[in-house]
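Shown next, in structure tokens, is the structure this report addresses.
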Amino acid sequence: MSSPSPVGALHANLLTALGTGIVSGELPAGHVLTLDGLSAEHGISRSVAREAIRVLEAMGMVESRRRVGITVRPSRNWNVFDPRVIRWRLQAGDRAVQLASLSELRRGFEPAAAALAARRANPEQCRVLAAAVSDMVVHGRAGNLDAYLLADKLFHRTLVEASGNEMLRALNDVVAEVLSGRTHHSLMPDSPNPATIELHDEVARAIRLRDEDGAERAMRAIIDEAATAVIAGDVGGA
């Protein structure tokens with residue numbers, strides 16, 4: 001696998017710096033940036049700065065106007081579904097508020113996705129769900145949170161894909177960022193909650209048995225458990 005080019009790394013670093021600066025309030029709404037200022041501050045070329053600004057413009061975080069400069073936009077204009085915005089808000093924004101908001105979103109679509117998966121999942125998807133749960137059990141007992149995260153993300157991605165709904169499938173990266181954020185920001189216990197893993201197993205089993213109500217109910221319980229942990233300032237599983 002080739003390593004990223006120096007220009008690509010500079011672009012990524014600037015994009016992250018600006019994104020986290022905006023979501024944290026260090027660069028508040030109305031703050032004006034310039035390409036010359038960014039180039040001087042970060043030691044980059046104007047072309048690298050311009051490309052980063054174009055990405056932020058596409059995300060609704062800044063807007064460029066002649067004779068005004070590059071203006072930071074209010075959060076109501078951001079593309080809050082963009083995985084990078086979610087990642088930055090979990091890293092530098094109000095993490096508890098963001099996680100609570102994401103939990104409410106997940107409660108609105110993942111149980112429905114589970115019910116649809118119980119109707120539409122193919123045998124291979126059922127196998128992947130069961131295998132992911134088995135991996136969660138093994139890695140959870142071992143306290144290997146990185147491996148546990150991979151299995152958890154595979155479970156949720158497969159479930160949403162098994163729903164057969166392209167609109168729900170488009171939200172897959174949102175769920176992945178939530179799961180990653182909880183692990184990377186030490187919001188998971190050293191040993192994931194066994195009850196949560198059991199709920200994942202219930203979802204997988206209900207999907208395999210074509211039990212739509214059971215799949216929906218167990219998935220809602222998974223999200224409720226995670227949301228309760230966030231509100232309580234504790235940690236749980238998702």
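These numbers come from a predicted model, not from an experiment.
- Separating the OG atom in S24 from the CZ atom in R89 is a distance of 12.0 Å, to the nearest 0.5 Å.
- Rounding to the nearest 0.5 Å places CD of E202 at 11.5 Å from CG of L209.
- In the hydrophobic cluster analysis, where Ile, Leu, Val, Met, Phe, Trp and Tyr join through side-chain heavy atoms closer than 4.5 angstrom, V128 is grouped apart from L149.
- Annotation: side chain of I70 is not in contact with side chain of E63 (no heavy-atom distance under 4.5 Å).
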Step by step, would you call W88 with M61 a side-chain contact (heavy atoms from CB on, under 4.5 Å)?
CA-CA 12 Å; W88 295 334; M61 301 184 80; 3.7 Å; yes

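- In this structure, H11 NE2 and N13 CG are separated by 10.0 Å, a value rounded to the nearest 0.5 Å.
- The structure places CZ of R120 at 5.0 Å from CG of L116, a figure rounded to the nearest 0.5 Å.
- Shown here is E26, whose CD atom has no more than 12 heavy atoms of other residues, nucleotides or ligands within 6.0 Å.
- Between F81 and M59 the shortest side-chain heavy-atom distance does not fall below 4.5 Å.
- Taking 4.5 Å as the limit, some side-chain heavy atom of V62 sits within range of a side-chain heavy atom of I22.
- Hydrophobic clustering places V55 together with L38 (ILVMFWY residues linked when any side-chain heavy atoms are closer than 4.5 Å, directly or through intermediates).
- The backbone N or O of N122 lies less than 3.5 Å from a partner atom in the side chain of Q125, making a donor-acceptor pair.
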query = Do L171 and V174 pass the side-chain contact (heavy atoms from CB on, under 4.5 Å) test, and can you show the C-alpha distance, the side-chain angles, and the key distance before you say yes or no?
reply = CA-CA 5 Å; L171 295 172; V174 172; 4.3 Å; yes

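- I222 and L105 fall within a single hydrophobic cluster, where Ile, Leu, Val, Met, Phe, Trp and Tyr side chains are chained together by heavy-atom contacts under 4.5 Å.
- Contact check for T16 versus T20: side-chain heavy atoms found under the 4.5 Å cut-off.
- Criterion: ILVMFWY side-chain heavy atoms under 4.5 Å apart, direct or through other members. Under it, L99 and V80 are part of a common hydrophobic cluster.
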Review point. Where do T196 and E225 land on the side-chain hydrogen bond (donor to acceptor under 3.5 Å, both in side chains) test, with the steps shown first?
Key: CA-CA 8 Å; T196 300; E225 188 278 334; 3.2 Å; yes

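- L18 places none of its side-chain heavy atoms less than 4.5 Å from the side chain of L15.
- Taking the side chain as every heavy atom from C-beta outward, R157 and V175 never approach each other to under 4.5 Å.
- For the residue pair V203 and A215, the shortest heavy atom distance occurs at CG2-O, 4.1 Å.
- Every residue was checked against the side-chain hydrogen bond (donor to acceptor under 3.5 Å, both in side chains) condition with R73, not counting sequence neighbours, and none meets it.
- Note that CD of E177 is 11.5 Å distant from CG of N172, once rounded to the nearest 0.5 Å.
- Nearest heavy atom pair, residue P28 against residue V72, reads O-CB, 3.4 Å.
- Without hydrogens or angle criteria, R95 side chain to L90 main chain gives a donor-acceptor distance under 3.5 Å.
- By the 4.0 Å N-to-carboxylate-O rule, R205 lies close enough to D201 to be salt-bridged with it.
- Closest of all the heavy-atom pairs between S163 and A113 is CB-O, 3.6 Å.
- Within 6.0 Å of CD in E124 there are more than 12 heavy atoms belonging to other residues, nucleotides or ligands.
- In terms of heavy-atom proximity, V137 sits nearest to I197 at CG2-CG2, 3.6 Å.
- Contact check on E51 versus R54 returns a salt bridge, with a Lys/Arg side-chain nitrogen under 4.0 Å from an Asp/Glu carboxylate oxygen.
- R208 places no side-chain N or O within 3.5 Å of a backbone atom of C126 that could act as its donor or acceptor partner.
- For R46, the side-chain contact (heavy atoms from CB on, under 4.5 Å) criterion is met by L35, D36, S39, R50, not counting sequence neighbours.
- Here the shortest heavy-atom pairing between P83 and D173 reads CG-CB, 3.5 Å.
- Between E212 and R119 there is a salt bridge, since a side-chain N of the basic residue sits under 4.0 Å from a carboxylate O of the acidic one.
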Stepwise, does the salt bridge (charged side-chain N to carboxylate O under 4.0 Å, His left out) test hold for R169 with E161? CA-CA 6 Å; R169 190 163 54 242; E161 289 177 350; over 6 Å; no

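- The minimum heavy-atom distance linking I223 with P111 is given by the pair CD1-CD, 3.9 Å.
- A continuous path of ILVMFWY side-chain contacts below 4.5 Å connects I207 to L168, so both sit in one hydrophobic cluster.
- Under the side-chain hydrogen bond (donor to acceptor under 3.5 Å, both in side chains) criterion, D82 pairs with R84, not counting sequence neighbours.
- With a 4.5 Å cut-off on side-chain heavy atoms, L159 and M219 count as touching.
- Residues Y148 and D135 have side chains not in contact (no heavy-atom distance under 4.5 Å, counting atoms from C-beta outward).
- Between L129 atom CG and S134 atom OG the span is 11.0 Å, to the nearest 0.5 Å.
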R65/T71 under side-chain contact (heavy atoms from CB on, under 4.5 Å): CA gap, chis, key distance, verdict | CA-CA 8 Å; R65 292 184 180 177; T71 306; 6.0 Å; no

Evaluate the side-chain contact (heavy atoms from CB on, under 4.5 Å) criterion for residues S180 and K153: first the C-alpha distance (whole Å), next the side-chain angles of each, then the deciding distance (0.1 Å), finally the verdict. CA-CA 8 Å; S180 295; K153 289 167 69 172; 3.2 Å; yes

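- H200 and D152 share a side-chain donor-acceptor pair at under 3.5 Å.
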